[in-house]
Undergrad: 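Below is a structure I'd like to ask you about.
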Amino acid sequence: MSPRIGWIGDPLPDHATWLAPFPYPDSGPTGHWLADRYPHVLRILHPAYIHDDGEPRAVTWSQIATAAGRELIVGMPFSEIVGAWFPDSVKHPDPCTTIEGIFDTEPEMGSLPTELIDIVYDHFDDVQSGLFWDGWGGFLDEPIRGCARASEGLQGWNYEVVTTIRSARRATRTRTPNFWWPADQTWCGATGIDEMDTLVVSADLARLESVHANPALETQLYSR
């Protein structure tokens, strides 16, 4: 396996300006996030969990959809799967709702789950730069210091510009950036701040297909 990748502050915003104005990533075949540049989308579904004898066991979206009597289709949000279990609800399904006996902890929101980070990074080990939403604060295992700031605008999200580090120095490692990409910008990964999936967009379909074939990940692959 490749060395564990960590993130430290990048004092210059230059590496992030290409992504301006940092639009919120949208999933599904009709989503247009960076569609003019990257026609292929890999959607990594963050697992839910159930605790057996105190130990968490991952539960896939497909397993939950089957239990709820719902077909899992490309682009479907987790809340719609959960909503199928409560068809009489008059409100929009709460994505944090649990289903007794099926899962008792909802999927990780805003980041790849810790146990999947290195698995995904092994496929995208050329990653170099990223953006963390500056509201994570205490959610990070290490504070991000000395970084440049980027913003969507007066009414948008604010981000901290970061870069990768592969040495033993202290760095943020247990949470992934909300946007991340390599130096040549041939692909871009993103996890919406309140989303339970991670998107990787690319013009290289073969590369995404290799990730899609990894049995350790539950993914959806489609082109726009």
Undergrad: Checking T198 against H46: is there a side-chain donor and acceptor pair closer than 3.5 Å?
TA: yes

Undergrad: Using residues 211-218 as the side-chain source, report each donor-acceptor pair under 3.5 Å to any protein atom, sequence neighbours left out, with the distance given to one decimal.
TA:
unit_1: H212; atom_1: ND1; unit_2: T219; atom_2: OG1; d: 2.6
unit_1: N214; atom_1: OD1; unit_2: A216; atom_2: N; d: 2.9
unit_1: N214; atom_1: ND2; unit_2: H123; atom_2: NE2; d: 3.0
unit_1: E218; atom_1: OE1; unit_2: W61; atom_2: N; d: 2.8
unit_1: E218; atom_1: OE2; unit_2: S62; atom_2: N; d: 2.9
unit_1: E218; atom_1: OE2; unit_2: S62; atom_2: OG; d: 2.7

Undergrad: With a 4.0 Å cut-off on N to O distance, would you call R149 and E160 a salt bridge?
TA: yes

Undergrad: For V161, does its backbone N or O pair with a side-chain atom of D10 as donor and acceptor, under 3.5 Å?
TA: no

Undergrad: Under a 3.5 Å distance rule, please check whether H51 uses its side chain to pair with a backbone N or O of Y49 as donor and acceptor.
TA: no

Undergrad: Could you verify whether a donor N or O on one side chain and an acceptor N or O on the other, from Y159 and E152, lie under 3.5 Å apart?
TA: yes

Undergrad: Quick one, T186 and Y38 - any side-chain contact, counting heavy atoms below 4.5 Å?
TA: no

Undergrad: Taking the basic N atoms (NZ, or NE/NH1/NH2) and the acidic carboxylate oxygens, is any pair closer than 4.0 Å for D126 and R207?
TA: yes

Undergrad: Taking the side chain as every heavy atom from C-beta outward, state whether C188 and V201 have any atom pair closer than 4.5 Å.
TA: yes

Undergrad: For the pair Q128 (side chain) and T164 (backbone), establish whether a donor and an acceptor sit closer than 3.5 Å, ignoring hydrogens and angles.
TA: no

Undergrad: Answer whether the closest heavy-atom distance between the side chains of I8 and V162 falls below 4.5 Å.
TA: no

Undergrad: Without hydrogens or angle criteria, can the side chains of T174 and T114 be said to hold a donor-acceptor pair below 3.5 Å?
TA: no

Undergrad: Answer yes or no: are there more than 12 heavy-atom neighbours, outside H40 itself, under 6.0 Å from its atom NE2?
TA: yes

Undergrad: Would the number of heavy atoms belonging to other residues, nucleotides or ligands and lying under 6.0 Å from CD of Q185 be above 12?
TA: yes

Undergrad: Under 3.5 Å, is there a donor-acceptor pair linking the side chains of N158 and S151?
TA: yes

Undergrad: Is there a path of hydrophobic side-chain contacts, each under 4.5 Å between heavy atoms of I, L, V, M, F, W or Y residues, that connects V120 with I165?
TA: no

Undergrad: Which ring pair (Phe, Tyr, Trp, His ring centres under 6.0 Å) pairs, counting each pair once, include a residue from residues 181-206, with sequence neighbours left out?
TA: W18-W181, F124-W187, W180-W187

Undergrad: Give a yes/no verdict on a cation-pi contact between R173 and W7, requiring under 6.0 Å between NZ or CZ and the six-membered ring centre and an angle within 45° of the axis.
TA: no

Undergrad: Counting N and O atoms only, with roles assigned by atom type, does the side chain of N178 sit under 3.5 Å from a partner on the main chain of F132, one being a donor and the other an acceptor?
TA: no

Undergrad: Before accepting this row, confirm whether a basic side-chain N of the pair D118/R4 lies closer than 4.0 Å to the acidic partner's carboxylate O.
TA: yes

Undergrad: Would you mind reporting whether E195 and M109 have side-chain heavy atoms less than 4.5 Å apart?
TA: no

Undergrad: Just checking F139: does its CZ atom have more than 12 heavy atoms from other residues, nucleotides or ligands closer to it than 6.0 angstrom?
TA: no

Undergrad: Indicate yes or no: at least one non-hydrogen side-chain atom of D197 is less than 4.5 angstrom from one of S27.
TA: yes

Undergrad: Quick one: does P47's side chain get under 4.5 Å of L116's, heavy atoms only?
TA: yes

Undergrad: What orientation do F179 and W33 show, parallel under 30°, tilted 30 to 60°, or perpendicular over 60°?
TA: tilted

Undergrad: Does any donor atom in the side chain of W157 or D134 lie under 3.5 Å from an acceptor atom in the other side chain?
TA: no

Undergrad: Any side-chain heavy atom of T60 within less than 4.5 Å of one from F103?
TA: no

Undergrad: Answer whether the closest heavy-atom distance between the side chains of S202 and L208 falls below 4.5 Å.
TA: yes

Undergrad: Tell me, with the steps shown, if T163 and S129 meet side-chain hydrogen bond (donor to acceptor under 3.5 Å, both in side chains).
TA: CA-CA 4 Å; T163 188; S129 300; 4.8 Å; no

